Amino acid sequence: MGGGQMNVSAGNVTRSQNNSVLAGLEPALFFGFFEEISAIPRGSFNEKRVSDHIAAFARARGLEVYQDGVWNLVIKKPGTPGYESAPTLILHGHTDIVCESDEGVEHDFLNEGIKLRIVGDFIHGTGTTLGADNTVGVAFAMSVLASDDIAHPPLEVVLTVQEEVGKGGAQVLDGSKLSGTRLLDMNWHDPKSLFAGCAGDISARFKIPLKLTERIAGQKAAVLRISGLSSGHSEFDIHLERANAIVLLGRLLRLAMKETGLGIIGVSGGVNRYVIPGEAEAIISIDPSRIAALQSAIEAEGKTLATEFSVSDPALKVSLVETESVSTAVFAPEVAKAMVSAMNLLPNGVQSRSLVVDNLVESSNTVALLSCDQERIEIVSTIPSAVSSRRYNIVDRIRELSEVIGLGSSVETFADCPEWPYNPNSRMLAAGRAAYAKEFGEQPHVEVSHSSLELGLFRKKVPDIDMLSIGPEAFDVHTTRERLNHTTVAATWRLLKALLSELRT
């Protein structure tokens, strides 16, 4: 990338027009590709441009490229001298990112890339998610493809799409395009450990048919809002017991609906199925004479919530603010009651902990998205579990809740992804341990995570596949606090090259 002058002030490096933000960071090859890809809009379902860009990059190097109809990529590179006959290795990452911005920040994720900035040891977005998950994997893959001085076996670089919205790319990837039975994933966030197993997950859409009734004449509209929550990745961070904005909105609405005649005009909450909701709101209709009393009750409940979540969510904020609404209809009372009951009773948070792996969440549920249109109210949950039966049991509990609530409510499941069980006898794990010890003179930690990656789907498509995942240090992925520790990338690059050299047989 270009190396024009950068503005440096108080530990910050900010983007200067037409200049690289990451110039000077090592390894330069990786950070050049990281910045190149960060400039391309690539939210889920908007991956065509980045897919075409990477395909052109690979074809320019004479590499074989397969690009499918949803913009998954498979790029093949022969083994280097001495590795021509080695078993093929699949290198894997995903091209899409979670798109979220801070309140008050206007960012067009469909047409704008991420505006990078550096603060000390960390790369951030500017009021938005960074997308290190998984620009890191893409940049590492491109670095290996572009290099001519790294020993490696024959490679199949697989870059999937729609990972952040149910692993859609991996779900439809044509497994016949792959010959490798070993896979190295680059979507892990801890450079001091090897990732060797993960949960599977499934999502459930709780639907309540929407029946409307006439809004009472003379009532005022107001926005009941909860915001400022810590949010976070619904799998990596679920054990931190952070507040869920949709669940707390349900609690506030339960309080508000004690007011006679109060109506609900609309509801919304959450940004992605893999994000703990940090904000949610309801537009309500209320008699003007009752607004002050409700305001007082909401403020009191807000103080209670602030006390309950003082450690996990210190910036929690509850508000009730008058607004304008042209709507002449509100949810029918029985529908409003059913929705609020569901918001309060749906399973949420950690559901079970592993008795096999220390300190591992085994199963959880995140009430992740709340929306409504003219026909229905939808509440989407994402349910990861290391044990399939527990995953499906949580779904059954959600179905049972819909039966109890009635009113024609139903539950639809989608994006079912199997788990990737830990295998202590994995040859990839043994090779990873050997490479780590050779490079750093000590043994790595081995981690099994509650996160649900695409790797269970690869195991389903290639039954004998042997897998491992590595990556540099990243924090608060899927939030606007997301940051990549650029000082840890060099160590991961060393490990990646050492591991590739281990895979001669």
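Every heavy atom of this structure was used, including side-chain atoms; hydrogens, water molecules and symmetry mates were not. Just so we're clear, the structure is a prediction, and the values are computed from it rather than from any experiment. In what follows, residues are counted from 1 in the order of the sequence shown.
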Without hydrogens or angle criteria, can the side chains of S385 and E419 be said to hold a donor-acceptor pair below 3.5 Å?
no

Examine distances only and state if a side-chain atom of D201 and a backbone atom of S452 form a donor-acceptor pair shorter than 3.5 Å.
no

Side-chain donor-acceptor pair present, E156, S179, cut-off under 3.5 Å
yes

Give a yes or no on whether the backbone of L22 and the side-chain of S20 come within a donor-acceptor separation of less than 3.5 Å.
yes

Decide whether D133 and Y274 meet the rule of one side-chain donor and one side-chain acceptor closer than 3.5 Å.
no

Just how far is it from atom CG of N134 to atom CG of D185, taken to the nearest 0.5 Å?
7.0 Å

Going by the ring pair (Phe, Tyr, Trp, His ring centres under 6.0 Å) test, which pairs reach into residues 415-465, not counting sequence neighbours?
H92-F458, F195-W420, Y436-F440

Looking at F57 versus F33, is the centre-to-centre ring distance below 6.0 Å?
yes

Is it the case that S193 and W188 place a side-chain donor and acceptor less than 3.5 Å from each other?
yes

Side-chain donor-acceptor pair under 3.5 Å between S203 and R273, yes or no?
yes

Do S364 and E235 have a side chain donor and acceptor closer than 3.5 Å?
no

Just so I know, are the side chains of V74 and V65 near enough to count as touching, which here means a heavy-atom distance under 4.5 Å?
no

Looking at L110, I'd like to know if its CG atom is crowded, meaning that more than 12 non-hydrogen atoms belonging to other residues, nucleotides or ligands lie closer than 6.0 Å.
yes

Just so I know, are the side chains of L484 and L130 near enough to count as touching, which here means a heavy-atom distance under 4.5 Å?
yes

Can you check salt bridge (charged side-chain N to carboxylate O under 4.0 Å, His left out) on R483 and D476, steps first, answer last?
CA-CA 7 Å; R483 59 204 183 277; D476 291 321; 2.7 Å; yes

Report yes or no: does E112 contribute a side-chain atom to a donor-acceptor pair with the main-chain N or O of D108 at less than 3.5 Å?
yes

Just checking, any donor-acceptor pair under 3.5 angstrom between side chains of T135 and S38?
no

Exercise: do R399 and S402 side chains pair donor with acceptor under 3.5 Å:
no

Using a distance-only test with no angle check, is there a side-chain donor-acceptor pair under 3.5 angstrom linking Y66 and N72?
no

Would you tell me whether S44 and Q162 have side-chain atoms, one donor and one acceptor, within less than 3.5 Å of each other?
no

Test: R481 cationic atom under 6.0 Å from F475 six-membered ring centre, within 45° of axis:
no

Derivation and outcome, salt bridge (charged side-chain N to carboxylate O under 4.0 Å, His left out), residues D174 and K461
CA-CA 8 Å; D174 184 353; K461 293 175 184 292; over 6 Å; no

If you measure from OG1 on T413 to CD1 on I383, what distance do you get to the nearest 0.5 Å?
8.5 Å

Nearest 0.5 angstrom please: L499 CG to S501 OG, how far?
7.5 Å

What's the separation between atom CD1 in I114 and atom OG in S101, rounded to the nearest 0.5 Å?
9.5 Å

Which residue in the set D96, V138, I40, L73 passes side-chain contact (heavy atoms from CB on, under 4.5 Å) when paired with V50?
I40

Between the side chains of N485 and T488, is a donor N or O closer than 3.5 angstrom to an acceptor N or O?
no

Between Q351 and R397, a side-chain donor and acceptor under 3.5 Å:
yes

Could you walk me through whether L173 and V158 pass the side chain to side chain contact (heavy atoms under 4.5 Å, CB included) check?
CA-CA 9 Å; L173 181 69; V158 179; 3.8 Å; yes

Ring centres under 6.0 angstrom apart (F236, H189):
yes

Under a 3.5 Å threshold, yes or no: a donor from one side chain and an acceptor from the other, between Q67 and D52?
yes

So E454 and K167, salt bridge (charged side-chain N to carboxylate O under 4.0 Å, His left out) or not? Walk me through it.
CA-CA 6 Å; E454 297 165 290; K167 306 169 183 65; over 6 Å; no

I'd like to know if the side chain of R117 reaches the main chain of H124, judged simply by a donor and an acceptor atom lying under 3.5 Å from each other, with no hydrogens or angles considered.
no

Using the side chain to side chain contact (heavy atoms under 4.5 Å, CB included) rule, take I465 and L178 through it: C-alpha gap first, then chi angles, then the decisive distance, then the call.
CA-CA 11 Å; I465 201 165; L178 307 177; over 6 Å; no

Option among L455, L429, L183 that satisfies the side-chain contact (heavy atoms from CB on, under 4.5 Å) test with L468
L429

Looking at CG of L89 and CE of M428, how far apart are the two atoms once the value is rounded to the nearest 0.5 Å?
5.5 Å

